[in-house]
Amino acid sequence: MNNVDVIVIGLGSMGGAAVNALAQRGHSVLGIERFWPSHDRGSAHGGTRIIRQSYFEGLEYVPLLRRAYTGWRQLEEQSERSLMTLTGGIYIGDPQEETFAGALASAQHWGLPHDVLSSEEITERFPAMRPAPHAKGLFEQNAGFVDPEATTAANIQVATMHGAELHFGETVLSWTATKGGGVEVVTTRGRYGADRLVVAPGAWSERLLGEVGAPVASERQVVYWFAPDTSAGKPSLADYSVGTQPVFIERTDGNEQVFGFPIVPGQAPGVKIGFFHDYTPTDPDAVNREISEFEIAQMQSRTLDLFPHLTGRLLAGSTCLYPSSPDDHFMLGLHPEHSQVTVATGFGGHGFKFVPVVGDIVADLSTRGRTDLPIGLFSLEREALRR
Ligand SMILES: Cc1cc2nc3c(=O)[nH]c(=O)nc-3n(C[C@H](O)[C@H](O)[C@H](O)COP(=O)(O)OP(=O)(O)OC[C@H]3O[C@@H](n4cnc5c(N)ncnc54)[C@H](O)[C@@H]3O)c2cc1C
């Protein structure tokens, strides 16, 4: 049986970052992934992921985001790839509701540069958007997007350069903590031993972590690319594109929160938009990848609340999975019963922007048993995770 320092299960967003961080620190690492590098079956595909710092989901996330930004630039240098594009970001909503008010609270608490804009000022600056008259927007220069497929490829590339052994097309069937304080992992191809284990299987977490009681739902999520109507008198294609249009999140008058991206050179020539949550639990091995006419009509109608001229046809659509925890906070820490096992899951619909810092945290936990980064909110023993 092989024996390495650390085995990592799953080489998607977080597992990719973990093998990279561990290999760079000089540990012998074996990473095991059921699909191929940068695949489109899990949570890490579709060309773009929003990255932002004025975080309405909680003040606790901001120090991690600051660290993640440094990590993004480092990963770009090490892999010689362009991963992060800062376009600015705007979070629009009722002045007292979470989207706007939470972002403002975060920006003020951490002294993050931002502008507060009225509905009219938003349209003046970003002509494609026309929010409800009483809505407000928090604009943050330091937001934009990262490329999920290129990120996973970059982590795999740098980990390999530092000696990590990575297996693709191999599924982990089970793992056990051994009496000597190590672990044993059984896969479709063999059996491996290690001192430590990292479990990062995303939407498949229930299969490998069921016994922790890890209640990770796999949630089907659809994103759409709509073409704008740019006929005379309407906003131009440039108004919807990187250079003018920022990434956006909007929720006003109790409608369903949406998020989206400007038109990105080299991708479908439409605005990418999706609901923040679909609340559709799904079996990760039997995902309905068909997008129904009803779903398209529902999204198109919601899109018009913010972009009155985004009336063109659907250019593309994609289904993706959220590995969601019950309270939408990550599940990141040592396994409650086996301290040689680190769990990294529950990243839901907002984890990607943290990829580099999660790699550091996982490497800290699995080699030192602790981290100096603030992860109290993500405890596996918190009340919200009790079934
Ligand atoms: C449509 C959509 C939009 C999103 N938008 C944003 C955004 O704008 N900003 C943001 O920050 N986040 C966003 N997210 C969320 C973010 O992408 C996820 O939180 C993140 O990708 C989850 O990473 P993960 O490593 O847990 O899962 P994954 O990246 O899916 O990795 C898990 C890996 O484990 C592998 N695996 C599972 N079981 C096994 C097994 N038994 N053996 C071997 N391998 C296994 C899987 O094949 C997979 O490769 C979005 C997600 C979706 C779906």
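Counting convention: from 1, in listed order, for ligands and their atoms alike. Below, each value reflects all heavy atoms present in this structure, side chains not excepted, and no hydrogens, waters or symmetry copies.
- Inclusion of A44 in the set of residues having an N or O under 3.5 Å from an N or O of ligand 1 is not warranted.
- In this model, a donor atom of one side chain and an acceptor atom of the other lie less than 3.5 Å apart for E140 and Y91.
- Checked by distance only, ligand 1 and I50 come closer than 3.5 Å through their nitrogen or oxygen atoms.
- Evaluated by nearest non-hydrogen atom to atom 41 (N) of ligand 1, the leading choice among V172, V185, T187 is V172.
- From the protein, the heavy atom lying nearest to atom 39 (C) of ligand 1 is R34 CD, 3.7 Å.
- Judged by the shortest distance from any of its heavy atoms, A203 lies outside the 4.0 Å radius around the atoms of ligand 1.
- By the 4.0 Å heavy-atom criterion, G274 is excluded from the residues contacting ligand 1.
- Atom 27 (O) of ligand 1 has its closest protein heavy atom at G202 CA, 3.6 Å.
- Close to ligand 1: E170, with a non-hydrogen atom less than 4.0 angstrom away.
- F330 and F56 fall into different hydrophobic clusters, where Ile, Leu, Val, Met, Phe, Trp and Tyr side chains are chained together by heavy-atom contacts under 4.5 Å.
- Salt-bridge annotation for D94 and K136: absent, with no side-chain N of the basic residue lying under 4.0 Å from a carboxylate O of the acidic one.
- Under 4.0 angstrom from ligand 1, the non-hydrogen atoms of I32 all belong to its backbone.
- For the pair E57 and R52, the salt-bridge criterion is met [side-chain N within less than 4.0 Å of a carboxylate O].
- Close N/O approach between L208 and ligand 1 is not found [any backbone or side-chain N/O within under 3.5 Å].
- Crowding of R313 atom CZ: a count of heavy atoms from other residues, nucleotides or ligands under 6.0 Å not exceeding 12.
- Of all the listed residues (S205, G12, S13), S13 holds the heavy atom that lies closest to atom 21 (O) of ligand 1.
- For the residues C320, G31, G10, the heavy atom positioned nearest atom 52 (C) of ligand 1 is part of C320.
- At the shortest separation from atom 37 (C) of ligand 1 among protein heavy atoms lies P201 O, 3.4 Å.
- For atom 11 (O) of ligand 1, the closest heavy atom belonging to the protein is K353 NZ, 2.7 Å.
- Considering backbone and side-chain atoms together, W204 places no N or O closer than 3.5 Å to any N or O of ligand 1.
- Linking Ile, Leu, Val, Met, Phe, Trp and Tyr residues whenever their side-chain heavy atoms come within less than 4.5 Å leaves Y240 and F259 in two separate clusters.
- Relative to atom 50 (C) of ligand 1, the option among R49, M14, H45 with the closest non-hydrogen atom is R49.
- Note: no N/O pair closer than 3.5 Å links F261 and ligand 1 by distance alone.
- No salt bridge links D364 with R370; every basic N to acidic carboxylate O contact stays at or beyond 4.0 Å.
- Between Y322 and ligand 1, no N or O atom pair is found at a separation short of 3.5 Å.
- Residue contacts with ligand 1: H39 is included, with a non-hydrogen atom under 4.0 Å away.
- Under 4.0 Å is where a charged nitrogen must lie from a carboxylate oxygen, and between E120 and R125 no such pair does.
- Heavy atoms from both the backbone and the side chain of E33 come within less than 4.0 Å of ligand 1.
- Using a 4.0 Å cut-off between heavy atoms, V223 contacts ligand 1 through its side chain alone, with no backbone atom that close.
- Between the choices A200, G349, G15, the shortest heavy-atom distance to atom 32 (C) of ligand 1 belongs to A200.
- N20 and H162 are not linked by any side-chain donor-acceptor pair at a separation below 3.5 angstrom, with hydrogens and angles left out of the test.
- Under 4.0 Å is where a charged nitrogen must lie from a carboxylate oxygen, and between D239 and R130 no such pair does.
- Ion pairing of D253 with R251 is absent here, as no side-chain N (NZ or NE/NH1/NH2) approaches a carboxylate O to less than 4.0 Å.
- The nearest pair of heavy atoms linking V185 to I7 is CG2-CD1, 3.9 Å.
- The backbone N or O of G182 sits less than 3.5 Å from a side-chain atom of Q340, completing a donor-acceptor pair.
- Salt-bridge annotation for R220 and E295: present, with a side-chain N of the basic residue lying under 4.0 Å from a carboxylate O of the acidic one.
- Nearest non-hydrogen protein atom to atom 16 (C) of ligand 1 is F352 N, 3.6 Å.
- Of the protein's heavy atoms, G348 O, 3.4 Å lies nearest to atom 18 (C) of ligand 1.
- Nearest protein neighbour of atom 30 (O) of ligand 1, counting heavy atoms only, is S43 N, 3.1 Å.
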